[in-house]
Chemist: 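The following block contains the structure, expressed as structure tokens.
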Protein chains: 2
Amino acid sequence: MDSPEGPPPQRLRTLPSRLTNQAAQTANRIVDQALAQAGVRRYHYALLAALEEYGPASQAALGRRTGIDRSDMVATVNDLAERQLLERAPDPEDRRRNIVTITAAGRRQLADLDRLIAAAQDEFLAPLPAADRQNLIDLLTRLVGHHGDKRN
Amino acid sequence: MDSPEGPPPQRLRTLPSRLTNQAAQTANRIVDQALAQAGVRRYHYALLAALEEYGPASQAALGRRTGIDRSDMVATVNDLAERQLLERAPDPEDRRRNIVTITAAGRRQLADLDRLIAAAQDEFLAPLPAADRQNLIDLLTRLVGHHGDKRN
DNA sequence: AGAAAATGTTGGCACAACCAACGTTGGCTT
DNA sequence: AAGCCAACGTTGGTTGTGCCAACATTTTCT
């Protein structure tokens with residue numbers, strides 16, 4: 001024990017932005033690991049979820065709803081199309097667009113992912129009793145709500 | 001208004017891991033922007049803060065305290081050494097180590113950064129009254145405390 | 001008709017967070 | 001004392017996320 005090897009500096013330990021970050025990292029580690037069991041990443045889940053809830057849509061619309069950039073959406077759709085979890089077809093009514101539609105296999109995959117995700121949330125929130133979980137959700141919702149979609 | 005252009009899917013909107021992520025993104029955007037005014041990134045701030053609070057230390061020890069990987073620490077120390085905000089000298093008592101020491105200029109820079117960071121926190125937490133802020137900090141602290149340092 | 005906007009796509013960038021490998025050096029065991 | 005193992009700094013990767021710019025095509029607005 002040369003130097004006491006103290007833990008994180010004061011300044012960082014209670015810094016809200018840093019705490020939020022570390023929590024997010026933890027959450028991501030857990031969620032990514034869960035999704036990896038199905039060979040999928042977060043973008044894939046978000047896209048499938050958006051597709052199932054809103055029905056077929058253009059890539060641009062899906063991007064707006066999921067917060068995925070247009071350019072990243074291309075790759076994400078490519079991935080899922082390869083696995084036949086969705087279909088990409090040109091929109092006859094607007095030839096700029098592709099209409100993306102979830103397949104039956106996609107729906108099945110999504111159901112699996114839902115289960116994995118739910119388990120991951122539970123692991124993430126393990127230290128908090130139900131009341132506190134809701135509390136956290138409320139606080140975070142207010143935060144992200146206030147700062148809105150400032151993607152610049 | 002072709003398609004209603006609805007906002008994020010249900011599944012994603014209240015997903016704790018996603019909320020945490022979005023909050024973290026917001027925080028990072030604000031903090032990064034603040035730090036950029038001083039030409040600095042988060043790693044730089046963390047390193048300077050650790051140095052000032054614990055005094056001179058080896059890169060490895062600093063890495064443990066800040067959560068920065070050894071290899072990334074090299075680059076971070078390089079950056080700050082170039083700007084003469086810290087000094088890197090071989091440890092005479094253990095020739096494997098470098099002893100990193102903050103300079104007077106480093107301390108001055110850190111003071112500036114502290115102000116920038118504080119303002120950023122305030123902007124980040126703007127929608128929450130003081131009581132809720134503490135509440136959030138507590139919840140997050142419990143979360144990250146429970147999941148510990150599992151960097152695996 | 002002509003200007004402006006939207007769409008998909010390619011290609012790039014930055015950053016955080018990792019990991020593996022290596023040579024050097026130190027400590028520990030036997 | 002020798003030998004092994006651990007720690008250290010360093011180099012050089014990789015991955016995922018979130019961006020942004022540019023472009024051709026197509027649609028919409030004026």
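As a basis for the values below, the full set of heavy atoms in this structure was taken, side chains included, without hydrogen atoms, waters or symmetry mates. Predicted model, so just to flag it, every value in this text is computed and none were measured. Chain identifiers are assigned alphabetically (A, B, ...) following the order of the sequence lines, protein sequences preceding nucleic acid strands; residue numbering begins at 1 within each chain.
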Chemist: Whole-Å distance between C:dT7 C1' and A:Ile99 CD1?
Modeler: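 Taking CD1 of A:Ile99 and C1' of C:dT7, I get 13 Å after rounding.
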Chemist: Has B:Arg95 got a side-chain N or O lying under 4.0 Å from the OP1 or OP2 atom of C:dG26?
Modeler: yes
Chemist: Mapping A:Asp69 and B:Arg42 onto DNA chain C by nearest heavy atom, which one lands closer to the 5' end?
Modeler: A:Asp69
Chemist: Any idea which heavy atoms bring A:Ile102 and A:Leu85 closest together, and the distance?
Modeler: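 So the minimum-distance heavy-atom pair works out to CG1-O, 3.6 Å.
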Chemist: Do you know the tightest heavy-atom contact between B:His147 and A:Pro127?
Modeler: NE2-CD, 4.2 Å
Chemist: Counting only side-chain nitrogens and oxygens, does A:Gln25 get under 4.0 Å of the OP1 or OP2 atom of C:dA17?
Modeler: yes
Chemist: Without decimals, in angstroms, what is the distance between A:Asn28 CG and D:dT15 P?
Modeler: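 Nearest whole value for this atom pair: 18 Å.
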Chemist: State which of D:dG12, D:dG9, C:dT7 makes the closest approach to the side chain of B:Val74.
Modeler: D:dG9
Chemist: Would you mind telling me which of D:dG16, C:dA6, C:dA16 lies closest to the side-chain atoms of B:Arg41?
Modeler: C:dA16
Chemist: Answer yes or no: is there an ion pair linking B:Arg41 with B:Asp32, defined by an N-O contact shorter than 4.0 Å?
Modeler: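 Result for this pair is no, no salt bridge flagged.
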Chemist: Across the strands shown, which category fits B:Asp94 at heavy-atom distances under 4.0 angstrom: base, sugar-phosphate, nothing?
Modeler: sugar-phosphate
Chemist: Send over the distance from A:Arg29 CZ to D:dG16 P, rounded to a whole Å.
Modeler: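 Between P of D:dG16 and CZ of A:Arg29: 17 Å.
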Chemist: So for B:Asp72 and C:dC18, does any side-chain atom that can act as donor or acceptor lie under 3.5 Å from a complementary atom in the base?
Modeler: yes
Chemist: If I take atom CG in residue A:Leu47 and atom P in nucleotide D:dG18, what distance separates them, rounded to the nearest angstrom?
Modeler: 14 Å
Chemist: Distance check: side-chain N/O of A:Arg88 vs OP1/OP2 of C:dT7, anything under 4.0 Å?
Modeler: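 No, no such contact exists.
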Chemist: Roughly how many Å is it from CZ in B:Arg64 to C1' in D:dA6, rounded to a whole number?
Modeler: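 Rounded to the whole Å, the gap is 12 Å.
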Chemist: How many Å lie between CE on A:Met73 and P on D:dG18, as a whole number?
Modeler: 12 Å
Chemist: Any side-chain N or O of B:Arg96 less than 4.0 Å from the OP1 or OP2 oxygen of C:dT24?
Modeler: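 No, because none of the side-chain N or O atoms of B:Arg96 sits under 4.0 Å from OP1 or OP2 of C:dT24.
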Chemist: Any side-chain N or O of A:Arg97 less than 4.0 Å from the OP1 or OP2 oxygen of C:dA6?
Modeler: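 No, no such contact exists.
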Chemist: In whole angstrom, what separates A:Leu62's CG from C:dT7's P?
Modeler: 11 Å
Chemist: Distance check: side-chain N/O of A:Gln59 vs OP1/OP2 of C:dT9, anything under 4.0 Å?
Modeler: yes
Chemist: Do the charged groups of A:Asp132 and B:Arg142 touch, with an N to O distance under 4.0 Å?
Modeler: yes
Chemist: Could you tell me whether B:Arg11 and A:Glu52 have a side-chain N and a carboxylate O separated by less than 4.0 Å?
Modeler: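 Salt bridge: yes.
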Chemist: May I ask you to say what B:Asn98 touches in the nucleic acid, namely base, sugar-phosphate or nothing, with a heavy-atom cut-off under 4.0 Å?
Modeler: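 Sugar-phosphate, backbone atoms only, no base.
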Chemist: Sub-3.5 Å donor-acceptor pair from the side chain of A:His44 to the main-chain atoms of A:Thr76, do we have one?
Modeler: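 It does not hold such a pair.
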Chemist: May I ask you to verify whether the side chain of A:Arg70 and the base of C:dG8 hold a donor-acceptor pair under 3.5 Å?
Modeler: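 Yes.
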Chemist: Both A:Asp91 and A:Tyr43 contact DNA chain D. Taking the nearest nucleotide for each, which residue is further toward the 5' end?
Modeler: A:Tyr43
Chemist: May I have the distance from A:Asn21 (atom CG) to D:dT17 (atom C1'), rounded to whole angstrom?
Modeler: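 Atom-to-atom, A:Asn21 to D:dT17, this comes out as 13 Å.
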